[in-house]
Structures are given as C-alpha cells and as structure tokens.
Amino acid sequence: MRTIAHLIGGTATTATGTRRADVFDPNTGRVQAEVVLADTADVDAAVANAAAAQPAWAATNPQRRARVLFDFKRLVEAEIGSLAELLSSEHGKVVADSRGDIQRGLEVIEFACGIPHLLKGAFTSGAGPGIDVYSLRQPLGVVAGITPFNFPAMIPMWMFGVAIACGNAFILKPSERDPSLPVRLGELMLEAGLPAGILNVVHGDKAAVDALLDNPDVKAVSFVGSSDIAQYVYSRGTANGKRVQAMGGAKNHGVVLPDADLDQTVADLVGAAFGSAGERCMALPVVVPVGAKTADTLREALLPEIAKLRLGVSTDPDAHYGPVVSAAHRDRIESYIAMGVDEGAELVVDGRGFTLHGHEGGFFVGPTLFDHVRPEMQSYRDEIFGPVLQMVRAETLAEAIDLPSKHQYGNGVALFTRSGPAAREFAAKVEVGMVGINVPIPVPVAYHSFGGWKRSAFADIGIHGEEGVRFYTKVKTVTQRWPGLDANAAVTDSSFVIPTMK
Ligand code: NAD
C-alpha cells in the first residue's frame with residue numbers, strides 16, 4: 001500500500017504520528033493509498049522547522065522571492081497533464097476540470113509574482129520640519145493554511161502563493177481525502193528553488209488542525225471548508241491571538257428574469273449546477289425563475305439538457321462529471337434528496353442509485369432536479385454539495401433578491417437578464433459577497449479578492465488580491481527626523497504635549 005508522507009524541511013517523512021487514513025479512488029470505490037496523520041508533536045516540529053527557515057527567506061529581496069514563483073509556474077505548466085490526472089484520481093472530478101483547478105491556482109501565483117510592486121510602502125517627505133514618514137509591510141513569520149478536498153490545487157495556491165511571496169513560511173494542512181497533489185506542489189516549489197522549510201506540507205485531521213491553532217508560533221491561519229468547522233477555526237484561532245480568515249460553505253442562487261437569453265442561461269445553469277458533481281463552493285445549486293411562465297419554460301428547457309448529461313470516470317474525456325469524493329458523501333447527498341421528497345418538493349429527476357457499468361463500486365450520483373422547493377425546507381436551507389438543482393419559484397425581482405439575501409450562506413449569486421437597471425438593482429441590494437451578472441460562477445480573478453458573506457466567511461479580509469497581501473503582512477510606520485546640516489542649530493526644548501503638525 002502506497003503511503004503518502006508529510007513534506008517537512010524539504011524531506012518526505014512519516015514523522016512520529018502512528019495514525020493513518022485511507023485514500024480512495026472514487027471511480028472504483030477502492031482504497032488506493034494511506035495518508036499519515038500528524039499528531040501535535042509532528043505539527044510542532046514542522047512549525048519549528050519553518051520558524052527557523054523564515055528569517056532568511058524574509059531577508060531575501062522580493063524580486064528573488066518572485067523568481068521562485070515564476071519558476072514554479074513554469075514547472076507546474078510543464079507537467080499539468082499528469083498533475084491533473086493525479087488530482088482526479090483522488091478527487092473524482094474529470095481531468096479537464098482538474099486542469100482548471102490547477103490553472104486557477106496558477107493565476108494567483110502569477111499575481112504573487114508582482115510582489116515587489118505589491119509590497120511597496122508609502123512615503124511622505126516633509127511631514128513636518130525635517131520629518132519624513134514611511135510605512136512598510138513586513139511578513140508575519142509562520143502562517144498556516146487548512147484546505148478542503150474540493151480544490152486541492154487552487155485553494156492551497158490561493159494561500160501559499162501570496163503568503164510565501166510576502167516573506168512568510170507556510171504550513172499547508174491539505175484535506176486528508178486527496179493529499180497527493182498538494183505534496184507534489186510542495187516538491188515543485190522546492191525544485192523551483194524555494195529553501196527547505198518555507199513550505200511544509202503536513203497531513204492530518206482535527207488533531208493537526210488543533211495543533212496549528214494552538215501553536216503560538218503560527219501567526220495567522222487561512223481556512224477553507226465547511227461552515228461549522230470554519231467558525232470553530234475562527235473562534236479558536238482568534239482566541240489564541242492569531243489573525244484568521246475562515247471561508248465556509250455555500251448555497252448559491254441563480255436568479256432568472258423573463259428577459260434572460262434562455263438557451264445561454266440553461267447552458268450556464270447545467271454546467272454550474274452539475275459540473276464537478278456540484279462539489280464547488282461557487283456551484284449554482286438553486287435556480288430562482290421570476291414569474292410562473294419563466295419557471296415553466298426554464299423547466300422544460302432544462303429537462304433535455306439534464307437528460308444529455310454523461311457521467312463517467314474522471315479519465316473519460318467525454319464525461320461531464322465524475323463520482324463524488326466518498327461513499328459517505330454520496331449517502332449524505334442521497335439522504336438530502338429523500339429529505340426534499342419528504343418535505344413536499346417535487347422530484348422531477350432522481351439521481352439516486354446511479355451505477356456506472358464496469359464501475360459499480362464508484363461513488364456516483366446522477367443529476368437531480370427538484371421543482372417547487374420552498375424557503376422553509378431544510379433541504380433548501382442546508383448545503384448539499386452534490387449534483388442536485390433545486391428550483392424555487394419567485395413572483396417578483398424583489399422576492400428573488402430576498403431569497404439569497406435571507407439565506408444563511410452568502411458566498412456567490414448570479415442573475416440572468418438583459419436588463420441593465422434590473423442588474424444594477426440586484427447587484428446593489430443582494431446580501432451576497434460575490435455576484436455574477438450573466439456569469440454563473442463569479443469566482444473573482446486573482447488580482448481581486450475572494451470572500452463570501454454571512455456563514456460563508458468568518459473573516460474580516462478576503463483571500464488573494466491585495467486583501468491577501470494585507471492578510472499575510474503587518475504594517476510598520478516609521479516617523480523619522482534628521483537634524484539639519486547646521487551643527488550649531490539650537491536644541492529644541494523638551495515638549496510635554498502630544499506632538500502635532502502645526
Ligand atoms: P471540511 O470542513 O470537512 O474540511 C476542511 C478542512 O478542515 C480539511 O483540511 C479537514 O481536514 C479539516 N477538518 C475536518 N474536520 C475537522 C474538525 N472537526 N476540526 C478541525 N478541522 C477539521 O470541508 P470539505 O468537505 O473538505 O470541503 C467542502 C466544504 O468546503 C463545503 O462546505 C464547501 O462549500 C466548502 N468550501 C468553501 C469554499 C469557500 O471559499 N467559501 C471553497 C471551497 C470549499
């Protein structure tokens with residue numbers, strides 16, 4: 001059995017922890033490897049190793065730090081095909097989608113290559129007589145990232161790209177369900193010239209997360225995962241005096257107005273609801289048609305497109321989506337479909353019990369469509385995170401704005417319309433962090449920042465973009481006075497009042 005080890009101080013190691021977790025191939029349902037799970041001592045050793053390496057990295061000029069990222073990008077691009085296959089083999093998403101996962105991460109690496117410019121401080125010459133003021137951004141030291149299974153390339157790169165460019169050392173605790181790709185990214189960073197210890201990859205579960213949250217040398221924690229755990233990480237991390245950004249779950253709505261381009265909207269909804277088996281925090285699992293006629297037309301148009309969806313193993317180039325990540329997750333999704341039926345929603349397409357010929361053990365869930373879903377239903381209020389599209393009918397634009405605004409989650413939302421004024425009203429009023437206008441999956445580009453609202457984010461500051469640079473640095477402001485060239489100038493008297501700029 002293959003063992004997936006930690007990467008600490010530039011070396012693969014199983015460290016001292018004795019616990020292991022199975023890593024499955026979701027296409028077949030079989031265990032394909034085991035991953036080591038760190039205990040507190042392993043995490044503390046990785047943090048100590050990073051802390052020892054970090055000062056020299058912080059002292060390396062930002063242009064040289066950026067060159068490592070340039071080289072890393074080149075190395076990742078050179079083997080993106082095999083990296084995507086590795087990712088898919090543990091996650092289950094189709095290989096083309098895994099390439100997208102890696103590519104979106106690389107876009108943040110490209111952004112981080114601009115770190116010399118991003119770290120430039122501010123300078124005021126002559127703020128007072130002989131007085132200049134300047135501010136600079138300094139790294140925090142050792143920072144950590146705890147990431148979910150669904151984007152094992154993009155989300156680690158969102159974090160470590162920016163953190164390392166800023167001069168920090170980074171401990172990555174990836175999901176234990178698909179840990180191989182994050183380790184390979186760590187190896188490629190070393191190949192690109194990153195000093196050992198600046199990116200340590202430590203596998204584990206709650207014990208490893210708690211050890212990171214409690215270690216005083218970890219100055220900041222970035223987390224992406226489900227909301228209850230995000231809230232827990234935020235509370236425990238901030239109680240321990242750390243800076244924390246913890247992104248949580250989602251239930252994104254796609255609102256469709258009567259004037260929307262129907263064919264394009266249907267194509268966008270099907271891709272965003274069922275792509276990656278719905279295991280995306282920016283998926284569109286809820287559609288809100290405005291007006292009964294829009295709802296009926298949309299439903300009729302969706303049905304043949306859903307019927308055409310092809311499920312397959314992740315290496316099948318013709319598959320639209322592959323298996324979900326685990327048997328437990330498949331069962332959870334199917335229990336939510338049963339709940340929807342019990343709650344009185346109309347099950348129009350039922351994806352339960354799907355089997356793929358030749359891969360009967362795989363974790364597949366067929367596409368599912370509900371109509372007449374009501375906001376009070378538990379199956380609507382919760383995140384299902386599977387290939388399940390729920391239609392909630394609204395009468396007016398105001399009602400359609402209210403639904404995502406009053407939902408516990410506020411990650412993403414999309415509006416489909418040809419009306420500028422309606423789009424403007426929607427974007428201004430909706431209580432959601434990331435908005436798409438005729439864009440189904442509005443994940444911001446790397447130089448803007450990612451972050452939802454409400455229970456989708458326990459954070460005061462977003463991920464990547466300039467907010468990412470702010471998160472991973474602290475500002476120091478220096479006020480300096482140089483005596484004039486006249487050596488005989490009179491000494492200024494002591495002052496016992498707060499200095500002001502008269
Ligand atoms: P998860 O919450 O189960 O796991 C996330 C991380 O937390 C993993 O590294 C895991 O090892 C760790 N963890 C698990 N249980 C823990 C515990 N009890 N205590 C401490 N740490 C623990 O999430 P997941 O299933 O891997 O990912 C799917 C979830 O992530 C969905 O809810 C999805 O919406 C969310 N997500 C959010 C975003 C976003 O940006 N808002 C992006 C991607 C995924």
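What you see is a predicted model; the values in this text were computed from it and never measured. Residue indices begin at 1 and follow the sequence shown. Whatever order the structure lists ligands and atoms in, that order sets their numbers, starting from 1.
Listed by atom number, the atoms of ligand 1 under 4.0 Å from Phe450 heavy atoms are 39 (C), 40 (O). Taking every non-hydrogen atom of Lys173 and a distance limit under 4.0 Å, the qualifying atoms of ligand 1 come out as 8 (C), 9 (O), 10 (C), 11 (O). Interface atoms of ligand 1 facing Thr147, defined by a heavy-atom separation under 4.0 Å, are 6 (C), 8 (C), 9 (O). Within ligand 1, the atoms closer than 4.0 Å to a non-hydrogen atom of Arg177 are 3 (O), 24 (P), 25 (O), 26 (O), numbered from 1 in the order shown. In the vicinity of Glu383, heavy-atom distances shorter than 4.0 Å reach the ligand 1 atoms 31 (C), 32 (O), 33 (C), 34 (O). Atoms of ligand 1 found under 4.0 Å from any heavy atom of Ile155, numbered from 1 in the order shown, are 42 (C), 43 (C). Ligand-side atoms of ligand 1 in range of Glu176: 10 (C), 11 (O), range being under 4.0 angstrom from any heavy atom. Atoms of ligand 1 lying under 4.0 Å from at least one heavy atom of Gly249, given by number and element, are 32 (O), 34 (O).
Rounded to the nearest 0.5 Å, atoms NZ (Lys206) and CG (Leu213) are 8.5 Å apart. Between the CD1 atom of Ile337 and the CG atom of Leu347 there is a distance of 7.0 Å, given to the nearest 0.5 Å. The distance from the CG atom of Leu212 to the CD1 atom of Ile171 is 7.0 Å, given to the nearest 0.5 Å.
Protein heavy atom at the shortest distance from atom 28 (C) of ligand 1 is Phe385 CE2, 3.6 Å. For atom 19 (N) of ligand 1, the nearest non-hydrogen atom of the protein is Lys206 CG, 3.5 Å. At the top of the distance list for atom 27 (O) of ligand 1, counting protein heavy atoms only, stands Pro148 CB, 3.2 Å. For atom 39 (C) of ligand 1, the nearest protein heavy atom (residue, atom name, distance) is Cys281 SG, 3.4 Å. Ranking the protein heavy atoms by distance from atom 7 (O) of ligand 1 puts Phe223 CE1, 3.3 Å first. At the top of the distance list for atom 23 (O) of ligand 1, counting protein heavy atoms only, stands Ser226 N, 3.6 Å. The protein atom (non-hydrogen) at minimum distance from atom 21 (N) of ligand 1 is Val209 CG2, 3.4 Å. Closest to atom 43 (C) of ligand 1 among all protein heavy atoms lies Asn150 OD1, 3.3 Å.
In this structure, Phe151 does not count as a contact residue of ligand 1, since none of its heavy atoms falls inside 4.0 Å of the ligand. Heavy-atom distances between Gly248 and ligand 1 reach below 4.0 Å in at least one pair.
Within 6.0 Å of CZ in Arg381 there are more than 12 heavy atoms belonging to other residues, nucleotides or ligands. Summarising the local packing, CZ of Phe354 is surrounded by more than 12 heavy atoms from other residues, nucleotides or ligands at distances under 6.0 Å.
Taking only nitrogen or oxygen atoms, main chain and side chain alike, Ser227 does not reach within less than 3.5 Å of ligand 1. For ligand 1, the polar-atom distance check against Phe149 finds a nitrogen or oxygen pair separated by under 3.5 Å. In terms of polar-atom proximity, defined here as any N/O pair under 3.5 Å, Asp210 makes no such contact with ligand 1. Checked by distance only, ligand 1 and Gly225 come closer than 3.5 Å through their nitrogen or oxygen atoms.
Tested against Val413 for a side chain to side chain contact (heavy atoms under 4.5 Å, CB included), the candidates Val432, Asn252, Ile437 yield a single pass: Val432.
Atom 2 (O) of ligand 1 lies below 4.0 Å from at least one non-hydrogen atom of the protein.
The two atoms that bring Ile115 and Cys166 nearest to each other are CD1-SG, 3.9 Å, heavy atoms only. Closest non-hydrogen pair, Arg177 versus Ser326, comes out as NH1-OG, 4.2 Å.
Electrostatic pairing of Arg330 and Glu334 does not count as a salt bridge here, judged by no charged N lying under 4.0 Å from a carboxylate O. The pair Lys73-Glu110 meets the salt-bridge criterion, since a charged nitrogen lies less than 4.0 angstrom from a carboxylate oxygen. A salt bridge does not link Arg243 to Asp460: none of the charged nitrogens lies less than 4.0 Å from a carboxylate oxygen.
Taking the centre and axis of the six-membered ring of Phe223, the NZ or CZ atom of Lys173 falls outside the cone set by 45° and 6.0 Å.
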Stepwise, does the ring pair (Phe, Tyr, Trp, His ring centres under 6.0 Å) test hold for His253 with Tyr409? CA-CA 10 Å; His253 295 53; Tyr409 296 114; over 10 Å; no
Item checked: From CA spacing to verdict: salt bridge (Lys or Arg N to Asp or Glu O under 4.0 Å), Asp228, Arg455 -> CA-CA 9 Å; Asp228 288 350; Arg455 283 188 64 75; 2.8 Å; yes
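Counting only non-hydrogen atoms, the option in Leu37, Ile229, Asn411, Asp228 that gets closest to atom 13 (N) of ligand 1 is Ile229.
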